[in-house]
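First up is the structure itself, then whatever we jot down about it.
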Amino acid sequence: MRIGELARRTGVTPRALRYYEEQGLLTPERRPSGYREYGDRDVDAVHGIRTLLAAGLNSAAIAEILPGLPLPGQRQAGPTCPELLDGLARERARITRQMDELAAARAILDAIMGAEAPSEVIRTPRA
DNA sequence: ATTCTGACA
DNA sequence: TGTCAGGA
């Protein structure tokens, strides 16, 4: 599929998809026309990229682990070098700290809203 | 109509 | 990231 379709199927703009390629996150084939040609696997890859990006990982970190990205339907990623493993452990720790900060922020909002019930009960139904 | 690269009042 | 230019 070309960039337009991947964009529709992932909800990511073509601009962002080209940017991901610049960052080495995606490496689509090229047609003789120069148009990028993506595979179905890229749909899942893009979702993974978005998730990791949203979690605060930089493109460099994502690029390293992309080949090991657990795509839907496949098992655990294969063995990774100890150095990379260490980097992932740090990212995980960072995310955990981030979660704590978010929980603290939510607690503040709960207090302001005068919410005694568990947050899960007052969660606003999202879109 | 789509996509491409490069660039930024 | 959006968006415009100038081409294919």
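What you are looking at is a predicted structure, and each value in this text was computed from that prediction instead of being measured. In what follows, every chain begins at residue 1, and chains take the letters A, B, ... in the order their sequences are listed.
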[X] and [Y]: which non-hydrogen atoms are nearest, and at how many Å?
X: A/Glu21; Y: A/Tyr38; result: OE1-OH, 4.4 Å
X: A/Ser59; Y: A/Leu25; result: O-CD1, 3.3 Å
X: A/Leu57; Y: A/Leu53; result: O-CD1, 3.4 Å
X: A/Gly39; Y: A/Met1; result: O-CE, 3.4 Å

>> Can a side-chain donor-acceptor contact be found between A/Tyr20 and A/Arg50 if the only test is distance below 3.5 angstrom?
In response: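 Yes, side-chain donor-acceptor contact under 3.5 Å.
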> Looking at DNA chain C, which of residues 46-63 of chain A put a heavy atom within less than 4.0 Å of it?
Replying inline: A/Arg50
>> Distance check, P atoms only: B/dT2 and C/dG6, in whole angstrom units.
In response: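 Approximately 22 Å lies between the P atom of B/dT2 and that of C/dG6.
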>> One pair to check against side-chain contact (heavy atoms from CB on, under 4.5 Å): A/Arg2 and A/Arg36. What are the steps and the verdict?
In response: CA-CA 6 Å; A/Arg2 290 175 313 187; A/Arg36 296 173 178 71; over 6 Å; no
Would you give me the side-chain donor-acceptor pairs under 3.5 Å for residues 84-93 of chain A, sequence neighbours excluded?
unit_1: A/Asp86; atom_1: OD2; unit_2: A/Arg90; atom_2: NE; d: 3.1
unit_1: A/Glu91; atom_1: OE1; unit_2: A/Arg94; atom_2: NE; d: 3.1
unit_1: A/Glu91; atom_1: OE1; unit_2: A/Arg94; atom_2: NH2; d: 2.7

>> Please check this pair: side chain of A/Arg30 against backbone of A/Gly34, looking for a donor-acceptor N/O pair closer than 3.5 Å.
In response: yes
>> Using a 3.5 Å distance criterion without hydrogens, assess whether the side chain of A/Asp42 forms a donor-acceptor pair with backbone atoms of A/Ala45.
In response: no
> Looking at A/Leu52, A/Thr10, A/Val12, which hits side-chain contact (heavy atoms from CB on, under 4.5 Å) with A/His47?
Replying inline: A/Thr10
>> Just to be sure I follow the notation: if a pair is Watson-Crick (purine N1 to pyrimidine N3 plus N6-O4 or O6-N4) or a G-U wobble (N1-O2 and O6-N3), each under 3.5 Å, what dot-bracket string does DNA chain B give, with | for pairs to another strand?
In response: .|.|||||.
>> So, taking the atom named CG in A/Asp40 and the one named CZ in A/Arg9, what distance separates them when rounded to the nearest 0.5 Å?
In response: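 Here the rounded value is 5.0 Å.
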Look for any protein N or O under 3.5 Å of an N or O in nucleotides 7-9 of chain B and output each such pair with its distance, or none.
none

> Near DNA chain B, which residues from residues 17-30 of chain A have a heavy atom under 4.0 Å away?
Replying inline: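 Correct list: A/Arg18, A/Arg30.
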>> Under the criterion salt bridge (Lys or Arg N to Asp or Glu O under 4.0 Å), I'd like the reasoning laid out for A/Arg97 against A/Glu101: C-alpha separation, chi angles, the key distance, then a yes or no.
In response: CA-CA 6 Å; A/Arg97 289 194 293 275; A/Glu101 293 172 2; over 6 Å; no
> So what does A/Thr13 hit on the nucleic acid, given a heavy-atom distance under 4.0 Å: a base, only sugar-phosphate, or nothing?
Replying inline: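 Sugar-phosphate, backbone atoms only, no base.
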Show the distances under 3.5 angstrom between N or O atoms of the protein and N or O atoms of nucleotides 4-8 of chain C.
none

>> Rounding to an integer number of Å, can you tell me how far A/Arg31 CZ sits from B/dT2 P?
In response: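 For the pair A/Arg31 CZ and B/dT2 P, the rounded distance is 15 Å.
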>> Please pick, from B/dC4, B/dT2, C/dT1, the nucleotide with the shortest atom-to-atom distance to any side-chain atom of A/Ile3.
In response: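 Looking only at side-chain atoms, A/Ile3 lies closest to B/dC4.
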